[in-house]
Amino acid sequence: MKPHNPNRVPKDVYLSFVSSLSGNRMTLLVGVIVHVATCLAVAAKTQYSIYILLSVAFLLVFSARMVIFRRFDRVDKQSLSHAGIERWERILVASGACTTALLGIASGYAIFVVHDSFAELACISVTMATMVSVVGRNYGSRFAVDLQTLFCCLPMIVCSLLALDFYRGVLSIFLIPFWLTTRAMANGVREFLYENVIARREITIIADRFDTALNNMPHGLVMVDAENRIQVVNRKACELLKIGAPERLKDRDLGAVLRYGARYSFMDGSQPELILRQLTQVAEGSLSRTLIHFPESLSLEFSASRRTDGGAVLIFEDVSSRVKAEQKILHMVRFDALTGLPNREYFGQLVQEYFAKYPKKNGPLGFMVLDIDEFKHVNDMRGHVTGDHLLCAIAARIKQASGNAILGRLMGDQFILFFPRAKEQASLDREIRRVHAAIQGRYEVDEVTFLVSLSAGYAILESDAFAMDEWSVKADLALFESKSRFKGGISGFEREMDGRYIEQQKLKADLRDAVSAQALHLVFQPMFRADGSRIECAEALARWVHPERGSIPPDVFIRLAEDMGIISDITRFVLFKACSECMTWPEHIAVSVNLSARDLRDADILSVVADALAHSGLAAARLHLEVTESCLIDEPAAVRAILAELRSRGITIAIDDFGTGFSSLSYLDTLPLDIVKIDRSFVRNIVEDARRLKLLRGTVNLARELGLKIVIEGVETEEQLALLNKYRSADLVQGYVFSPPVPSQNITLLQEGIIGRRTVQRRRTKAA
């Protein structure tokens with residue numbers, strides 16, 4: 001690149017070249033002394049006074065140049081623009097050209113006028129020497145070289161030609177190639193220096209940028225040669241490894257530096273060798289990267305690559321935050337967030353690790369499942385926050401009592417324990433029962449005392465093969481046995497339970513097939529007016545006759561259906577069948593269908609009811625839907641909205657088994673109800689127990705104050721019916737006193753004939 005135009009040259013480079021024109025001032029002093037001495041010598045030899053004047057002129061020009069140089073020195077170079085630098089270049093070049101012009105005049109005058117060999121030789125020699133020095137002093141400006149060589153040579157050429165001497169003229173012409181050669185040399189020096197200055201400038205910029213990037217990168221970097229000596233190390237690497245300042249580590253052995261860091265910083269003594277060994281493995285490709293944990297919760301991840309010269313580049317970063325986050329996530333995946341106990345999956349992993357650790361150890365193993373009795377009532381009455389605190393307290397006591405057993409939270413309010421191998425089964429049985437007894441009792445939580453009981457089921461097996469699902473089933477069977485007997489009990493697994501479980505699973509499969517094939521059938525229990533004169537409604541009840549086991553009790557197969565999640569299929573079947581059968585009855589008789597808690601968990605029941613009415617053609621007013629208090633516990637707001645929508649369509653809503661739950665009275669005011677069906681437990685002893693009768697009457701009066709219709713269930717005797725009629729406690733009566741559940745066709749028969757005869761007979765009995 002040739003710097004033809006100053007405006008194309010970077011300002012700092014251009015300024016340095018112009019500044020070179022004022023440099024080497026000692027050579028200027030030597031030069032002016034030679035010039036003055038030469039002129040005085042020629043003047044003394046030739047007696048020409050012009051050389052005295054020229055010596056004075058040399059002194060004046062030198063003085064002027066020194067003044068200019070001083071002024072240039074005082075200028076603020078950084079504030080100079082390109083134009084300002086160019087102006088100073090012209091001033092400096094002009095001052096230098098004055099000196100060469102005086103030399104040219106002295107030489108030309110000696111050739112053309114003096115005709116003295118000494119004068120010619122002296123003047124021309126000094127002039128030629130000055131021209132040679134132009135290359136060394138004035139290369140920074142092309143104009144300086146051109147102007148000074150021109151002012152030196154042109155007077156000698158002109159005067160030689162004017163002397164009309166052929167040989168002098170030829171010799172003077174040779175000054176032109178000398179002039180051009182000098183000019184070319186100066187330009188070459190200038191261009192060479194310019195390119196090197198630009199290259200150095202770019203290298204410096206790149207080096208600065210590299211150094212900035214290297215020392216500001218978030219990773220530590222160490223570059224070593226084939227002998228493992230440090231060539232490059234950044235500041236981050238020194239900070240992470242705490243091995244001193246980067247400038248002190250160049251050409252140091254990496255192993256020695258790391259060992260020094262282990263001695264005087266936080267590293268363990270084994271970690272330097274570990275880093276070097278894994279660095280070799282990573283560099284050789286046997287490892288892609290490696291993670292090394294240091295004290296003070298520092299984790300560094302290393303990667304390395306081999307260089308072509310045998311060296312290597314080691315890069316590492318602080319991944320402590322990532323490691324902590326991964327550990328936190330792993331803890332969240334493995335442990336229950338509330339109690340801090342292992343969850344089911346990690347519990348199984350811990351048990352597998354136990355077997356892997358003690359593969360040859362013999363002896364019985366224990367597996368126990370704990371279930372907190374009636375824990376749902378704690379959440380309902382005290383809130384979920386208190387319930388969570390109670391769960392944590394129970395978990396802490398189980399952990400304290402379980403000793404070396406592996407403990408986990410199975411789900412909800414259930415816990416699971418694995419007891420390692422014991423010497424004998426009897427001692428393990430005692431240990432399991434001891435743990436169960438230790439966790440029962442009183443718990444103080446949120447300034448409330450809870451009397452907590454936990455039902456337990458366990459299995460003790462002599463088996464070297466751990467099958468989590470198999471053992472869990474056995475313990476669950478034992479737990480089911482405990483809960484069916486009494487709360488807070490504990491039962492060990494017995495083989496008979498396995499048989500019952502298999503039978504239950506078969507019964508579930510048969511029930512699923514029966515529901516799919518619509519093999520269930522309906523019976524209807526009528527609801528009479530209290531005087532027995534008329535049937536107002538009939539409740540649809542599902543029945544299942546098993547092809548092998550005969551009639552299955554409703555409470556058995558309904559509970560199975562709820563566990564299996566197919567209760568909504570049964571509800572759909574009952575709704576469609578009941579609505580169709582109701583169309584065969586007298587128009588004043590309605591049909592009532594029970595809805596389960598699962599039916600009310602989403603709004604699908606709305607479309608099912610609408611489809612059943614549309615399919616049968618039954619009027620909405622002839623359909624009653626019964627819900628129990630258990631349906632309202634999980635999502636009362638959603639259930640309330642669904643019931644309100646059903647009621648707005650003209651369907652009658654009844655609350656069934658009223659009085660058996662926790663908050664019955666509050667539901668009467670908050671739910672969109674039309675009918676209250678009082679549970680049979682209110683009626684059972686009203687003849688013998690006056691207090692029970694008062695309780696029944698009070699409940700009835702409260703419901704009637706709210707504008708609700710009263711249906712009393714489970715009326716079985718004439719005495720009970722007489723008391724209800726005496727105090728006008730029922731609008732409708734449902735029970736064996738009038739009729740058990742009957743097939744659909746019997747509803748019409750009861751209404752048309754049997755009811756009339758039973759009413760006449762009852763009235764005659766009363767009259768007698």
Side-chain angles (χ1 to χ4, degrees), residues 21 24-66 68-69 92-139 141-186:
L21 298 177
N24 296 323
R25 298 176 191 179
M26 187 57 67
T27 61
L28 291 180
L29 178 59
V30 173
V32 74
I33 293 173
V34 172
H35 297 160
V36 171
T38 302
C39 288
L40 292 177
V42 171
K45 174 70 170 54
T46 62
Q47 298 299 314
Y48 279 91
S49 58
I50 188 173
Y51 287 98
I52 296 174
L53 295 176
L54 287 173
S55 63
V56 173
F58 277 120
L59 291 172
L60 293 174
V61 170
F62 174 77
S63 300
R65 292 184 72 182
M66 290 299 106
I68 292 171
F69 290 166
L92 295 173
V93 168
S95 64
C98 291
T99 300
T100 55
L102 293 175
L103 289 172
I105 292 171
S107 299
Y109 193 83
I111 294 171
F112 184 68
V113 177
V114 177
H115 299 293
D116 182 82
S117 59
F118 171 77
E120 291 180 8
L121 179 62
C123 291
I124 292 173
S125 297
V126 172
T127 301
M128 291 299 102
T130 302
M131 286 185 63
V132 172
S133 69
V134 167
V135 176
R137 274 192 50 82
N138 299 288
Y139 64 85
S141 173
R142 187 185 61 181
F143 304 113
V145 174
D146 291 344
L147 199 60
Q148 291 184 33
T149 54
L150 177 64
F151 284 178
C152 283
C153 295
L154 187 59
M156 290 190 291
I157 295 172
V158 172
C159 290
S160 296
L161 294 176
L162 290 177
L164 301 177
D165 186 329
F166 174 76
Y167 294 102
R168 287 176 182 270
V170 172
L171 189 61
S172 66
I173 295 300
F174 289 159
L175 288 174
I176 296 175
F178 177 75
W179 171 23
L180 296 176
T181 301
T182 303
R183 182 175 182 271
M185 289 173 59

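Considering CZ of Phe118 and SG of Cys123, their distance stands at 8.5 Å, rounded to 0.5 Å. One distance of note links OH of Tyr51 with OG1 of Thr38; it measures 11.0 Å at 0.5 Å rounding. Taking SG from Cys159 and CD1 from Ile105, the interatomic distance works out to 9.5 Å, rounded to the nearest 0.5 Å. From Leu53, atom CG reaches atom CG of Leu60 across 10.5 Å, with rounding to the nearest 0.5 Å. Put simply, CD1 on Ile50 and OH on Tyr109 are 5.0 Å apart, with the number rounded to the nearest 0.5 Å. Here the OG-CE distance, from Ser95 to Met66, works out to 8.5 Å after rounding to the nearest 0.5 Å.
Side-chain contact between Ile124 and Ile111 is present, with at least one heavy-atom pair separated by less than 4.5 Å.
Using cut-offs of 30° and 60° on the angle between ring planes, the pair Phe58 and His35 is tilted.
Remark: side-chain polar atoms of Ser55 are paired, donor with acceptor, to backbone N or O of Ile52 under 3.5 angstrom.
Taking each heavy atom of His115 and Glu120 in turn, the nearest pair found is CA-OE2, 3.9 Å. For the pair Thr99 and Arg65, the tightest heavy-atom approach, listed with the atom from each and the gap, is OG1-NH1, 3.5 Å. Across all their heavy atoms, Thr127 and Leu103 have their closest contact at OG1-O, 3.4 Å.
Of the residues Asp116, Val113, Leu54, the one that meets the side-chain contact (heavy atoms from CB on, under 4.5 Å) test with Tyr48 is Val113.
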